[in-house]
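Scroll down for the structure; my scribbles are underneath it.
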Amino acid sequence: MEQPVQTETWKAQSLEELIRILHRLFAEDKVSVEEVQALMESYESNPDEWLRYAKFDQYRYTRNLVDSGNGKFNLMILCWGEGHGSSIHDHTDSHCFMKILQGNLKETLFEWPEKKGNGEMTKKSERVLRENQCAYINDSIGLHRVENISHTESAVSLHLYSPPFDSCNTFDQRTGHKHKVKMTFYSQFGERTLCVSTRRRTHC
Amino acid sequence: FPALEVLDVSGTGLAELGAELLALPRLHTLLAKNNRLGGPGSLPKGLGEAPLGRSLRVLNLSGNRFAELPPALLGLRGLQSLSLGGNRLHGIPADIQELRSLEFLYLGGNFITSIPPELANLPSLSYLVLCDNKIQSIPPQLAQLHSLRSLSLHNNLLTYLPREILNLVHLEELSLRGNPLVVRFVRDLTYNPPSLQELAGRTIKTRNVPYAPSDLPENLVRYLSLASNCPNPKCGGVYFDSCVRQIKFVDFCGKYRLPLMHYLCSPECSSPCSSASQSSTSQSESDSEDEASVAARRMQKVLLG
């Protein structure tokens, strides 16, 4: 495979600049995962710039849309109270970048369950992501669960999904059974989204 | 500072909160996370009676060294939110029921082994976090927490849940991961045959034999009032002390099976007891699951979401 002569290294000095550069990168036909990951990691989290998007919910983690990327990507901020976690999920054939803005998040990777799955899902690896680190995942890499395992600190993360998607599958760790779910935004562009139907959720 | 409403002394290395706090009549939020609180005298004496005791609504003591819930706290009748996450608690005192106004209780990340049924006497509790502990079973009384919206039980030692959990109609969030929940159908065959008193009691109840308090000694009248209904809807029987514990699945849409503990009046009760119907084992299993399924449908959206 041909190596590019020169790889761009971007440094985003602010959240606004990060978004501007992302728009430019995604306007191209081809986007490099490494470039985007490096760009996201280069932004040094400054709460003053994102606090207005960081709306917490007492009962569970929230998804707060920041930018809709001209349809090419969704950029959102997730807020995790103490002990809040997600179920095991896939990413509907999209790229997923996750950067920690505050606190720490534990990411546990899982293998896809067997077609006839009726056993415990296989854990591949786990790690704790620190502030400003940026992780990447897509369906060919596997599935993951993300959780704030701290009982004293909340966590905030910045997520980029490309192409955008509003539904995914969640998986029961004990059996590998999957279930399609629709995802909703707690707020969009800093405004609380009302008329969100309450959904009952069991995490396993 | 008599007008102080919010005080955050988190991460300051404090080993005790001084009595000066007691005089703050407007303080409603006190955050003291990540300190060295936990020894005797960590909290000032007379907390319940002081102006602070009446005003305090939110108390965060997470990340400290409490080995037991400090009794001084129990006087905080107005407290709405209490966090003792990441401490060293080994249990929860029954007296927790005195925190009548409590809506939010965070006890994740301790060493708690069991839950007192008195916890269910908190009428406004809506968010209960018990994750990352050593809990082996949930008392069925917890189903009386009618206001409960979110229950966090992940990373404990649960093998089953009481079937009453299906009665929590307002529950929107339930986390169960990281528990050794029984996946396959398990039947507990250790069954103590009923005593003559039990058999007589059952007959009186199921045949509706009339009796008046004057007919029987007081202890037997009381005994008869404690009859529990066999959850097998085909049975209609009752039991007193002698029952079979049986773990059954409640199948949520065929995708997700929660092991729930059922108490049945006899080992035969998984199949219909009355002569009215005859059925194969698999049908009777689904029949006796019917009652659970109806209640479960209320919680049906409690799926991986």
Side-chain angles (χ1 to χ4, degrees), chain A residues 56-63 80-90 103 106 108 110 113 117-121 123 126 143-154 167-184 196-204, chain B residues 10-11 31 33-35 60-64 81 83-87 103-104 106-110 126-127 129-132 149-155 168-184 252-259 298-305:
Chain A
F56 282 82
D57 183 276
Q58 193 178 80
Y59 301 109
R60 48 156 311 191
Y61 74 92
T62 62
R63 305 169 80 244
W80 314 74
E82 293 88 319
H84 289 176
S86 77
S87 42
I88 302 172
H89 57 274
D90 63 12
K106 176 172 159 187
T108 310
F110 289 88
N118 236 317
E120 180 95 23
M121 284 175 69
K123 228 183 259 197
E126 61 181 45
L143 309 167
H144 71 178
R145 182 197 302 285
V146 180
E147 14 174 13
N148 177 11
I149 53 174
S150 173
H151 299 292
T152 57
E153 315 305 323
S154 59
S167 72
C168 69
N169 290 301
T170 60
F171 296 79
D172 176 359
Q173 186 170 346
R174 295 178 303 130
T175 60
H177 287 144
K178 71 177 184 198
H179 176 70
K180 184 171 168 184
V181 289
K182 281 223 99 171
M183 296 134 79
T184 56
V196 177
S197 59
T198 49
R199 286 154 37 238
R200 303 258 179 86
R201 310 167 84 259
T202 298
H203 294 256
C204 234
Chain B
S10 300
L31 311 174
K33 321 190 288 190
N34 300 320
N35 283 302
N60 191 330
L61 296 170
S62 61
N64 281 290
S81 169
S83 176
L84 277 160
N87 276 279
E103 294 171 21
F104 177 113
Y106 193 110
L107 295 172
N110 281 286
S126 60
Y127 186 52
V129 179
L130 295 166
C131 62
D132 295 294
R149 284 181 53 181
S150 180
L151 178 57
S152 164
L153 292 170
H154 58 272
N155 299 330
L168 290 169
V169 291
H170 292 113
L171 200 65
E172 289 170 16
E173 297 279 339
L174 172 62
S175 67
L176 294 169
R177 64 184 183 279
N179 279 288
L181 291 173
V182 175
V183 179
R184 283 187 312 281
F252 294 93
C253 291
K255 291 290 178 199
Y256 183 65
R257 297 165 79 81
L258 266 187
R298 267 190 256 119
M299 239 168 69
Q300 202 158 67
K301 296 211 180 76
V302 186
L303 284 168
L304 308 171

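Every chain is numbered from 1, with letters handed out A, B, ... down the list of sequences.
For the atom pair CZ of A:Arg174 and CG of B:Asn179, the computed distance is 9.0 Å after rounding to the nearest 0.5 Å. How far OG of B:Ser152 is from CZ of A:Arg60: 13.5 Å, rounded to the nearest 0.5 Å. Going from atom CD of A:Gln58 over to atom OG of B:Ser150 covers 8.5 Å, rounded to the nearest 0.5 Å.
Annotation for B:Ser62 and A:His151: closest pair CB-O, 3.6 Å, computed over non-hydrogen atoms. Of all heavy-atom pairs between B:Glu173 and A:Tyr59, the closest is CG-O, 4.3 Å. The heavy-atom pair separating A:Thr152 from B:Gly63 by the smallest distance is CG2-N, 3.4 Å. The minimum heavy-atom distance linking B:Arg177 with A:Gly85 is given by the pair NH2-CA, 4.1 Å.
With a 4.5 Å cut-off on non-hydrogen atoms, B:Ser81 does not touch chain A at all. Only the side chain of B:Asp132 comes within contact range of chain A, judged by heavy atoms closer than 4.5 Å.
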